[in-house]
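Here is the structure we will look at, set down as structure tokens.
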Amino acid sequence: MNRLKFWNERAETMSRDELSKVQLEGLQKTVKHVWANNEFYRKRLTDAGIEPGDIKSLDDLRKLPFLTKDDFRDQYPLGMFCMPRNTIREMHMSSGSTGTPVVMAYTEADLTQWAECMARCQIMAGLQPGDTLQVTPTFGLFNGGFGFYHGARRAGLFTVPASSGNTARQIKLMRDFHVKGLGSVVSYLPRIIEVLEKEGQTLPDLKIGIFGAETFSDAMRQHLREVLDIDAFDIYGMTETGGVGTTGMDCPAHDGIHVWEDQYITEIVNPDTGEPVPDGEMGEVIITSLTREGIPVIRYRTRDLSRIVSREKCACGRTSLRIDRIPGRCDDMLIVKGVNFFPRQIEQALLQIPGVLPDYQIVLETKNGITDVRINVEAEEGVTGYTVAKHLKEVLGFSPKGDVFKPGSLPRTEGKAKRVIKINHDEPN
Ligand code: DLL
């Protein structure tokens, strides 16, 4: 059989004219659909003075009001549904840090759409029908596990639905079933490496890693290449847009995340003004779904930051818009001693220090209005706090305090890692 380069060559290589046509049709259909079937959306559009017939060109997208995570929360549990409950086949949910969850509901057609996006990602990463994919995110309300699974079924992969935890068993499964691809939350990888090293094992069949749910640095990708000999792909997605992979992934050229433009419109706007920023400039990612039924999103404010990397055809042959890998969320930027930085910059700097391991903690402690930062790292014997502080000074311009811990001693989380810990002595508990 010929090697597949694309899962859906027609959709992935459409000309700009074709894409624009598909996008306008999808946008018009989506606006009509939410207007006809959901009270919240109808009111939101009416308040903005919009009727479905007003969407005549793609430029009219900008007339539409934004949708936020708070809207999702306010409408919990069923208020965002745009299809009758008896047509819904699956739901996922994310709770985030503030409590009230965000719900996503899928009709049969939505599950097919998700599977299509994920199959495109899996084939783009180099997996072929018949290859084995181990899925380590949990199978539950978090969308990660099921997303990899739906896509893998569609792409004809052999899925090992390991779910999270029990790293020794994960490794045994990978070895016994000749797993070629691994789908994971990126912060689980250091755990796998730790156990592999402890047991003196390798994973000779593993070639491809599809990682996401959190930001990761180029140094981390390089680290994974060196230690595991795998090509690490950065997969993007979120509950609100329909889950992992719906908002794209980078290709083997690793030159930006390919957005599935026949399925979603992606805008980058200034997070303060909501106005579009020029190509190349960082801003907030805004996503509009074009084909979803259960809960479509119209101009969803992701709070994630990115920038448009290119609108040109990529070396891989795909024609879609490429956005930068996500450096962090609008609310992730840390400001300490007048310096702005993202956790990813810390990771990038730490991994360049020989002997420093990829687990770290950024502790921000505020007292009497002054915020101090401590950066705790795990490292092999011989790495001193002085060496770490010296490297970090080059990135931050100041030397943060911090401790160097033995490998395995910083707290482990299941699922997404908690890198930033904020302690505020000025606020009552
Ligand atoms: O994290 C979906 C996912 C699962 C993606 C597994 C990749 C792998 P949520 O729990 O709803 O969904 O969280 C979505 O996570 O708005 C980003 O802030 C962040 N995020 C997701 N993917 C990436 C990535 C899943 N590749 C939120 N890089 C998003 C950076 C990411 N951040």
Side-chain angles (χ1 to χ4, degrees), residues 67-69 72-73 91-98 100-104 106 114 117-118 121-122 124-125 133-152 163-164 181-189 209-218 220-221 224 232-251 254 256-260 264 266 271 282 284-287 295 297 300-307 322-333 342-345 347-348 413-420:
L67 179 72
T68 67
K69 204 182 261 294
F72 268 90
R73 292 197 169 120
M91 68 171 272
H92 287 282
M93 200 166 97
S94 74
S95 43
S97 48
T98 58
T100 311
V102 163
V103 173
M104 178 44 55
Y106 300 75
W114 190 13
C117 292
M118 277 306 280
C121 292
Q122 289 160 350
M124 179 158 72
L133 175 77
Q134 187 152 318
V135 179
T136 72
T138 47
F139 281 72
L141 287 169
F142 177 54
N143 64 75
F146 278 97
F148 276 104
Y149 167 71
H150 290 311
S163 198
S164 64
L182 182 68
S184 182
V185 163
V186 71
S187 53
Y188 189 44
L189 271 294
I210 304 183
F211 305 136
E214 302 156 321
T215 170
F216 67 105
S217 61
D218 289 339
M220 177 68 127
R221 169 176 277 156
L224 296 173
F233 292 84
D234 189 343
I235 193 161
Y236 182 41
M238 66 204 76
T239 311
E240 297 84 338
T241 56
V244 51
T246 51
T247 43
M249 194 183 83
D250 60 351
C251 70
H254 296 302
I257 290 177
H258 284 274
V259 170
W260 304 126
Y264 296 91
T266 301
M282 273 288 167
E284 180 180 351
V285 179
I286 309 290
I287 296 184
I295 305 184
V297 283
Y300 178 63
R301 297 195 73 144
T302 65
R303 306 301 288 152
D304 292 328
L305 293 170
S306 186
R307 63 189 179 95
R322 275 171 286 147
I323 60 171
D324 210 353
R325 299 169 64 209
I326 312 298
R329 294 173 60 75
C330 299
D331 1 281
D332 276 352
M333 193 163 75
F342 284 109
R344 188 170 85 167
Q345 287 167 272
E347 177 181 292
Q348 173 84 13
T413 45
E414 216 171 73
K416 302 192 191 209
K418 192 162 168 38
R419 299 285 184 217
V420 182

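For clarity, every value in this text was computed on a predicted model and none was experimentally measured. First listed ligand is number 1; within each ligand, the first listed atom is number 1.
- Between Met238 and Ile287 the shortest heavy-atom distance is CE-CD1, 4.2 Å.
- The neighbour count for Tyr149 OH, taken as heavy atoms of other residues, nucleotides or ligands under 6.0 Å away, does not exceed 12.
- Arg221 pairs by the salt bridge (charged side-chain N to carboxylate O under 4.0 Å, His left out) definition with Asp250, not counting sequence neighbours.
- Salt bridge annotation for Arg325-Asp218: present, with a cationic side-chain nitrogen under 4.0 angstrom from a carboxylate oxygen.
- For atom 29 (C) of ligand 1, the nearest protein heavy atom (residue, atom name, distance) is Asp304 OD2, 3.3 Å.
- Across Ile287, Thr215, Val244, Asp234, heavy-atom proximity to atom 26 (N) of ligand 1 is greatest for Asp234.
- Below 30°, between 30° and 60°, or above 60°: for Phe233 and His254 the angle between ring planes is between 30° and 60°, a tilted geometry.
- Of all protein heavy atoms, the one closest to atom 12 (O) of ligand 1 is Asn143 ND2, 3.2 Å.
- One option in Ala213, Ser184, Gly212 has a heavy atom closer to atom 31 (C) of ligand 1 than any other, and that option is Ala213.
- Listed by first then second residue, pairs satisfying salt bridge (charged side-chain N to carboxylate O under 4.0 Å, His left out) with a partner in residues 236-248 read Lys69-Glu240, not counting sequence neighbours.
- Using a 30° and 60° split on the angle between ring planes, His92 and Phe146 fall in the tilted class, from 30° to 60°.
- Residue contact annotation: Phe216 has no non-hydrogen atom under 4.0 Å from ligand 1.
- Regarding atom 4 (C) of ligand 1, its nearest protein heavy-atom neighbour is Phe142 CZ, 3.5 Å.
- Among protein heavy atoms, the minimum distance from atom 11 (O) of ligand 1 is reached at Thr239 OG1, 2.5 Å.
- Near Arg329, the atoms of ligand 1 lying under 4.0 angstrom from a non-hydrogen atom of the residue are 16 (O), 18 (O).
- When Lys416, Met238, Met104, Arg325 are checked for heavy-atom proximity to atom 10 (O) of ligand 1, Lys416 turns out nearest.
- Looking only at heavy atoms of the protein, atom 28 (N) of ligand 1 is closest to Glu214 O, 3.2 Å.
- Counting only heavy atoms of the protein, atom 25 (C) of ligand 1 lies nearest to Gly237 O, 3.6 Å.
- Between Pro137 and ligand 1 there is no heavy-atom distance shorter than 4.0 Å.
- Considering Thr241, Asn143, Thr239 in turn, Thr241 is the only one that fulfils the side-chain hydrogen bond (donor to acceptor under 3.5 Å, both in side chains) rule with Thr246.
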